[in-house]
Amino acid sequence: MVKPDGVQRGLVGRLIARFEDKGFKLVAMKYTWASECLLRNHYAELADKAFFANLIEYVGSGPVVPMVWEGPGVVKMGRRLIGATNPSESAPGTIRGDFGLQSGRNLIHGSDSIVSAEREIDLWFDADEIVGWKSSLENWFYED
Ligand code: DAT
Ligand code: MG
């Protein structure tokens with residue numbers, strides 16, 4: 001999900017392109033301004049952290065672009081494309097490493113496991129908003 005700083009900085013297209021370039025397939029996307037309730041639920045496991053209130057304020061400060069991407073190892077590779085939580089420690093070449101400076105402005109969220117991806121997809125999307133399709137280039141991206 002592109003966070004409000006990514007949207008405000010006009011980076012939505014470039015961040016989506018990182019996932020398209022890698023070969024992942026977009027199956028859902030929306031443009032929305034999340035409620036505090038949704039964000040508290042989304043980040044529930046961080047509720048006891050000192051930065052929680054700041055985090056909810058930041059991600060709720062403007063529109064975001066949640067997406068669902070598919071492909072082999074997409075959760076693990078998605079996290080690698082995104083980079084470490086703190087952009088000052090993210091490797092150059094990653095999204096946060098190339099575009100960010102601080103944890104509180106780290107541009108993009110990525111699910112950290114298949115279980116959390118399923119939970120988050122359920123939070124952000126209705127079932128009929130997930131639109132499966134077969135890419136005609138699939139054989140040129142995946143050997144099986
Ligand atoms: P990630 O977004 O890499 O999965 P996380 O799930 O641990 O990281 O935390 C969610 C968000 O909370 C993260 O993107 C930015 C913020 N955050 C995490 N650790 C922080 C810290 N030590 N100080 C400030 N913000 C932090
Ligand atoms: Mg996380």
Side-chain angles (χ1 to χ4, degrees), residues 1-35 37-49 51-52 54-56 58-144:
M1 176 173 77
V2 181
K3 291 177 174 177
D5 48 337
V7 174
Q8 294 284 348
R9 289 172 55 187
L11 294 172
V12 173
R14 289 164 77 185
L15 302 192
I16 290 174
R18 299 274 175 129
F19 290 81
E20 286 183 327
D21 288 349
K22 184 68 183 168
F24 293 125
K25 184 165 72 176
L26 184 63
V27 296
M29 176 164 71
K30 63 173 69 169
Y31 171 80
T32 181
W33 195 322
S35 69
C37 176
L38 173 57
L39 294 175
R40 284 179 173 278
N41 194 344
H42 175 83
Y43 283 122
E45 67 180 23
L46 301 174
D48 60 350
K49 301 286 186 193
F51 58 79
F52 185 69
N54 264 352
L55 175 64
I56 299 302
Y58 156 49
V59 185
S61 66
V64 293
V65 181
M67 298 169 274
V68 181
W69 291 89
E70 272 182 14
V74 66
V75 169
K76 208 167 169 196
M77 181 53 71
R79 296 283 296 185
R80 290 179 67 193
L81 293 175
I82 287 170
T85 301
N86 186 341
S88 68
E89 290 162 13
S90 314
T94 65
I95 290 171
R96 288 168 173 168
D98 285 353
F99 293 103
L101 292 164
Q102 296 179 331
S103 298
R105 296 287 183 272
N106 65 2
L107 296 143
I108 188 163
H109 166 80
S111 306
D112 63 9
S113 68
I114 291 173
V115 170
S116 63
E118 284 170 348
R119 190 184 83 84
E120 291 166 6
I121 290 168
D122 221 42
L123 270 181
W124 291 87
F125 292 93
D126 294 330
D128 65 0
E129 291 175 320
I130 314 292
V131 182
W133 56 291
K134 184 171 167 55
S135 165
S136 56
L137 291 177
E138 208 155 280
N139 288 343
W140 301 108
F141 279 106
Y142 321 133
E143 62 182 341
D144 48 32

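For the single chain, residues carry numbers from 1 onward in sequence order.
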Exercise. Indicate yes or no: at least one non-hydrogen side-chain atom of Ile108 is less than 4.5 angstrom from one of Phe99.
Key: no
Quiz item: Under the 3.5 angstrom rule, does the side chain of Ser135 hit a backbone N or O of Leu137 as a donor-acceptor pair?
Solution: yes
Exercise. Starting at CG of Leu39, measure out to CD1 of Ile56 and round the result to the nearest 0.5 Å.
Key: 5.5 Å
Practice problem: Taking the side chain as every heavy atom from C-beta outward, state whether Asp112 and Glu45 have any pair of such atoms under 4.5 Å apart. | Solution: yes
Self-check item: Counterpart residues, side chain to side chain contact (heavy atoms under 4.5 Å, CB included), relative to Ser90 (two or more places apart)
Solution: Ala84, Pro87, Thr94, Arg96
Practice problem: Side-chain contact test, heavy atoms from C-beta onward, threshold under 4.5 Å: evaluate it for Leu46 versus Leu55 and give yes or no. | Solution: yes
Quiz item: What pairs with Phe19 under ring-ring contact (aromatic ring centres under 6.0 Å, His included), at least two apart in sequence or on another chain?
Solution: Trp69
Quiz prompt | Side chain to side chain, Arg40 and Phe52, heavy atoms closer than 4.5 Å | solution = yes
Quiz item: Mind checking whether Pro63 and Thr32 have side chains closer than 4.5 Å, heavy atoms only?
Solution: no
Exercise. Taking all heavy atoms of Pro66 and all of Trp124, pick out the closest pair and write down the distance.
Key: CG-CE3, 3.6 Å
Practice problem: First locate atom CG of Asp5, then atom CG of Asn106, and finally report the distance between them rounded to the nearest 0.5 Å. | Solution: 7.0 Å
Self-check item: Non-hydrogen atoms of Val64 and Val7 that approach each other most closely
Solution: CA-CG2, 4.1 Å
Practice problem: Work out which heavy atom in Gly71 is nearest to a heavy atom in Tyr142; give both atom names and the distance. | Solution: CA-OH, 4.0 Å
Self-check item: Crowding at NZ, Lys22 (>12 non-hydrogen neighbours, <6.0 Å)
Solution: no
Quiz item: Hey, what do you get for CZ (Arg9) to CG (Leu15), rounding to the nearest 0.5 Å?
Solution: 8.5 Å
Quiz item: Do other residues, nucleotides or ligands put more than 12 heavy atoms under 6.0 Å from Ile130 CD1?
Solution: yes
Quiz prompt | Approximate separation, where rounding is to 0.5 Å, of Tyr58 OH and Arg105 CZ | solution = 6.5 Å
Quiz prompt | Residue pair Phe24 / Met77, side-chain heavy-atom distance below 4.5 Å | solution = yes
Quiz item: When rounded to the nearest 0.5 angstrom, what distance separates CE in Met67 from CE in Met1?
Solution: 9.0 Å
Quiz item: Measuring from Glu120:CD to Asn41:CG, what's the distance to the nearest 0.5 Å?
Solution: 10.0 Å
Practice problem: Quick one: do Glu118 and Ile121 satisfy side-chain contact (heavy atoms from CB on, under 4.5 Å)? Show the steps, please. | Solution: CA-CA 5 Å; Glu118 284 170 348; Ile121 290 168; 5.6 Å; no
Quiz item: Do His109 and Tyr43 touch side chain to side chain, with heavy atoms closer than 4.5 Å?
Solution: yes
Exercise. In sequence, state the C-alpha distance, the side-chain angles, and the governing distance for Val2 and Leu107, and then conclude on side-chain contact (heavy atoms from CB on, under 4.5 Å).
Key: CA-CA 6 Å; Val2 181; Leu107 296 143; over 6 Å; no
Quiz prompt | Any pair counted as salt bridge (charged side-chain N to carboxylate O under 4.0 Å, His left out), so long as it reaches residues 122-135, sequence neighbours left out | solution = Lys30-Glu129, Lys134-Glu138
Quiz item: Taking all non-hydrogen atoms of both residues, which atom of Ala117 and which atom of Val75 are closest, and how far apart?
Solution: CB-CG2, 4.3 Å
